[in-house]
Amino acid sequence: MQLHLIDGTYELFRSYFGAPQRKAPSGREVGATYGILASTLALLQEADVTHIAAAFDSQIRSFRNELFRGYKTESGVPEDLLAQFPLAERALATIGVTVWPMIEYEADDALATAVARFGADFDRIVILTPDKDLAQCIDGERVVSYDRRKGAFIDEKAVLDKFGVAPQSIPDYLALVGDSADGYPGIPGWGAKSSSAVLSKYGHIEDIPIHADLWDVDVRGATRLADNLFANLPVAFLYRYLARLRRDVPLTETVAQLEWPGVHREPFEALCDELGFAGLRDRPHRWAAI
């Protein structure tokens, strides 16, 4: 038995920028909603997709914005994309997908919480996203992510191959190199190669020796890197806190409630009429029992 977890924010962005724009009869832009609804209906056709949920950043800002002024906001996100978040959430709910709309937390926190909470209940969990932040949740081949655009699974070996560190060191890695998508710059001088080399040996920032001459790893510019890290240690810990996903989001569903019941015919067909999605009306292959 598998649990499939959809990064709704990523999928909505992917649909917005990768699919044609589309207008509802009312004139509002609904192309991204059409895209994520169509792709999720296709996903539900697969036999191993039995339990499913999706998380969205219903509000782009989260508790992290209160901790770091430079953290990502809705600035630069098109208004007609932001307006589709509640619409996409409603659309997925009509097809029977459990939806977690995040306000205080981020969608990634909800997905990480689901992995922690339901991990023992499923043979495998598949997180449908290529997002590097969620790489910290990957566990062997039991918890994996899936890049739907490339058609590629990402297991623990793939994380090691890409980042040079184990999944549990991903927050430390991001703290050192920075994450431009989330808005924090990292520690001066620390790049991908140096960070992966040091963390592959020591695992976490607090375990890195304070003096470079104590390092049991050959890294170019080690003295400068050590000096920069320990001059900015409080900032490094803050960045790691920002990067580390929460696993205590108050999700209320049980395993049974995550099981896909089929598409809810009446609200789905009403949604298709409202948004001009006539081409999707015949896509569901199973309807929910009344």
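The first residue of the sequence shown is numbered 1, and numbering continues consecutively from there.
- Between Pro284 and Phe268 there is a side-chain heavy-atom pair separated by less than 4.5 Å.
- With sequence neighbours left out, the side-chain contact (heavy atoms from CB on, under 4.5 Å) criterion links Phe153 to Arg124, Val126, Val144, Tyr146.
- Atom CG of Leu111 and atom CG of Asp7 lie 6.0 Å apart (nearest 0.5 Å).
- When each of Asp131, Asp57, Asp108 is checked for a side chain to side chain donor-acceptor pair (under 3.5 Å) with Thr9, only Asp57 meets the rule.
- The shortest side-chain heavy-atom distance between Pro101 and Val99 falls under the 4.5 Å cut-off.
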Which donor-acceptor pairs under 3.5 Å do side chains of residues 84-95 form with protein atoms, sequence neighbours excluded?
from  : atom 1 : to     : atom 2 : distance (Å)
Gln84 : OE1    : Ala32  : N      : 3.2
Gln84 : OE1    : Thr33  : N      : 2.9
Gln84 : OE1    : Thr33  : OG1    : 3.0
Gln84 : NE2    : Asp80  : O      : 2.9
Glu89 : OE2    : Ser58  : OG     : 2.5
Arg90 : NH1    : Glu274 : OE1    : 3.3
Arg90 : NH2    : Glu274 : OE1    : 3.3
Arg90 : NH2    : Glu274 : OE2    : 3.1
Thr94 : OG1    : Ala91  : O      : 2.6

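- A 4.5 Å side-chain heavy-atom check between Ile52 and Leu258 finds every atom pair outside the cut-off.
- Checked against the 6.0 Å centroid criterion, the rings of Tyr239 and Phe68 qualify as a close aromatic pair.
- Taking CG of Asp133 as the start and CG of Asp179 as the end, the distance is 5.5 Å to the nearest 0.5 Å.
- Side-chain contact between His211 and Leu214 is present, with heavy atoms from C-beta onward closer than 4.5 Å.
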Under 3.5 Å, sequence neighbours excluded: what are the donor-acceptor pairs made by side chains of residues 181-192?
from   : atom 1 : to     : atom 2 : distance (Å)
Asp182 : OD1    : Lys72  : NZ     : 3.4
Trp190 : NE1    : Leu225 : O      : 3.0

Pair Arg117-Glu253, salt bridge (charged side-chain N to carboxylate O under 4.0 Å, His left out): steps then yes or no: CA-CA 10 Å; Arg117 178 174 172 184; Glu253 288 76 13; 5.5 Å; no
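- The minimum heavy-atom distance linking Val219 with Ser194 is given by the pair CG1-CB, 3.8 Å.
- Asp172 contributes atom CG, which lies 13.0 Å from atom OG of Ser196 (distance to the nearest 0.5 angstrom).
- The pair Arg61-Glu74 meets the salt-bridge criterion, since a charged nitrogen lies less than 4.0 angstrom from a carboxylate oxygen.
- Salt bridge Glu156/Arg142: absent, no basic N to carboxylate O contact under 4.0 Å.
- Between the CG atom of Leu3 and the CZ atom of Phe122 there is a distance of 4.5 Å, given to the nearest 0.5 Å.
- Here the OH atom belonging to Tyr71 is positioned 12.5 Å from the CD atom belonging to Glu66, to the nearest 0.5 angstrom.
- Relative to the ring axis of Tyr105, Arg246 does not place its NZ or CZ within 45° and under 6.0 Å from the centre.
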